[in-house]
Amino acid sequence: MTLLAPSILAADFSRLGEETRAIAQAGADWIHLDVMDGHFVPNISFGPAVVKALRPCTDKVFDVHLMIAPADPYLAAFAEAGADAITVHVEAGPHIHRSLQTIRSLGKRAGVALNPGTPASAIEPLLDMVDLVLVMTVNPGFGGQSFIGSALETVSRVKAMTAGRSIDISVDGGITAETAGPAASAGATILVAGSAAFKGGPDRYEANIAAIREAARAATGRDGVRC
């Protein structure tokens with residue numbers, strides 16, 4: 001089954017609570033929250049206070065993607081704010097194993113992310129510590145970028161590396177109804193969609209999600225919702 005995790009980075013920031021409720025009610029499986037620091041990536045988004053403020057808006061899984069360096073000093077704050085899954089970048093610091101141990105010790109799903117230029121082999125020593133591998137199909141930092149098709153080879157390699165393990169593979173960046181199928185076929189079990197999920201305003205959210213979900217289903221035959 002392929003899950004859809006709309007990224008609120010593409011939402012209307014003047015009404016984030018309403019947007020979170022609307023996208024959840026429109027059929028989102030998870031809610032993806034992109035945290036950026038202006039250092040690890042060239043943009044600044046939001047921090048734990050916003051995650052905490054949005055937590056009462058839905059009981060959907062909060063999938064917090066930390067594009068920050070260092071990440072370790074903030075893990076507990078995001079866990080306390082209501083994150084269900086916390087993903088850190090393998091490129092963001094020298095002690096990624098410690099970061100993943102900390103996330104697990106906080107009772108959260110632990111994820112590790114790969115930028116498009118990072119080989120899948122970088123996470124091989126970490127597989128016993130993760131619940132999720134996130135493969136970036138754009139360079140992180142901004143929404144609305146074009147899908148980097150060559151990153152699907154990384155998705156395929158991660159799929160082979162994680163065979164037989166209960167590890168989700170998330171694909172983040174440029175996901176649309178056109179790219180969802182190839183991403184799912186390569187091995188994605190979670191699709192993070194920003195602009196394609198939120199385009200057109202709340203009246204379009206359900207149709208946007210349905211189009212992406214149907215493209216993934218058609219490519220893989222995977223149906224349904226899980227958590």
Side-chain angles (χ1 to χ4, degrees), residues 3-26 28-93 95-96 98-113 115 130-132 134 136 138-145 168 170 172-173 175 190 192-195 197-199 201-202 205 209 227:
L3 303 183
L4 189 61
S7 169
I8 65 165
L9 190 66
D12 180 349
F13 269 42
S14 71
R15 43 193 297 275
L16 272 182
E18 295 171 57
E19 290 277 75
T20 300
R21 291 187 189 95
I23 203 71
Q25 292 168 2
D29 300 309
W30 290 12
I31 304 296
H32 188 82
L33 299 107
D34 286 307
V35 177
M36 306 179 185
D37 64 357
H39 169 66
F40 180 66
V41 294
N43 199 3
I44 297 173
S45 58
F46 50 80
V50 170
V51 177
K52 183 177 180 179
L54 294 177
R55 184 66 277 186
C57 297
T58 177
D59 60 0
K60 301 287 186 180
V61 169
F62 267 18
D63 177 29
V64 174
H65 176 194
L66 298 183
M67 288 173 274
I68 65 176
D72 287 8
Y74 305 98
L75 297 175
F78 281 103
E80 291 166 7
D84 297 296
I86 301 175
T87 295
V88 291
H89 273 258
V90 70
E91 307 92 353
H95 304 299
I96 184 67
R98 179 188 299 161
S99 302
L100 296 169
Q101 284 180 316
T102 300
I103 295 168
R104 284 270 184 91
S105 74
L106 291 166
K108 307 301 178 181
R109 304 181 198 190
V112 64
N115 284 335
V130 300
D131 305 291
L132 180 154
L134 185 152
M136 294 297 301
V138 299
N139 287 298
F142 296 95
Q145 298 184 67
D168 276 306
S170 181
D172 183 357
I175 291 296
I190 302 168
V192 177
S195 302
F198 283 94
K199 67 181 180 182
Y205 293 169
I209 289 173
C227 60

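None of these values were measured; they are calculated from a predicted model. In what follows, residues are counted from 1 in the order of the sequence shown.
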Donor + acceptor pair across side chains of S45, D34 (<3.5 Å):
no
Minimal non-hydrogen separation, A113 against H65, with atom names:
CB-NE2, 4.1 Å
Value for OG (S7) from CD1 (I31), rounded to nearest 0.5 Å, stands at 9.5 Å
Side chains of V88 and L100 in contact at under 4.5 Å (non-hydrogen atoms):
yes
Report the distance from atom CE of M136 to atom CE of M67, rounding to the nearest 0.5 Å.
6.0 Å
Side-chain donor-acceptor pairs under 3.5 Å in residues 46-54, sequence neighbours left out?
none

Would you call R109-D63 a salt bridge at under 4.0 Å N-O?
no
About how many Å separate CZ of F198 and CD1 of I8, when rounded to the nearest 0.5 Å?
7.0 Å
Nearest heavy-atom contact between I86 and I103 is O-CD1, 3.5 Å
Could you tell me if the side chain of I23 sits less than 4.5 Å from the side chain of I209, heavy atoms only?
yes
Do Q25 and Y205 get their side chains close enough for a donor-acceptor pair, meaning under 3.5 Å?
no
Between H32 and D172, is any side-chain donor less than 3.5 angstrom from a side-chain acceptor?
yes
Give me the atom names and distance for the closest heavy-atom approach of A193 to A197.
O-CB, 3.7 Å
From L75 CG over to R104 CZ, what is the distance, rounded to the nearest 0.5 angstrom?
13.5 Å
Is there a donor-acceptor pair closer than 3.5 Å between any side-chain N or O of D84 and the backbone N or O of F62?
yes
Just wondering, do P6 and K60 contact through their side chains at under 4.5 Å, heavy atoms?
no
With a 4.5 Å limit on heavy-atom distance, are the side chains of M36 and L9 in contact?
yes
Within 6.0 angstrom of F40 CZ, more than 12 heavy atoms from elsewhere:
yes
Is there a side-chain contact between D29 and V61, using heavy atoms and a 4.5 Å cut-off?
no
With a 4.5 Å cut-off on side-chain heavy atoms, are E19 and P202 touching?
yes
Atom CD1 of I190 and atom CG of D168: how far apart are they, to the nearest 0.5 Å?
4.0 Å
What's the separation between atom CG in D37 and atom OH in Y74, rounded to the nearest 0.5 Å?
8.5 Å
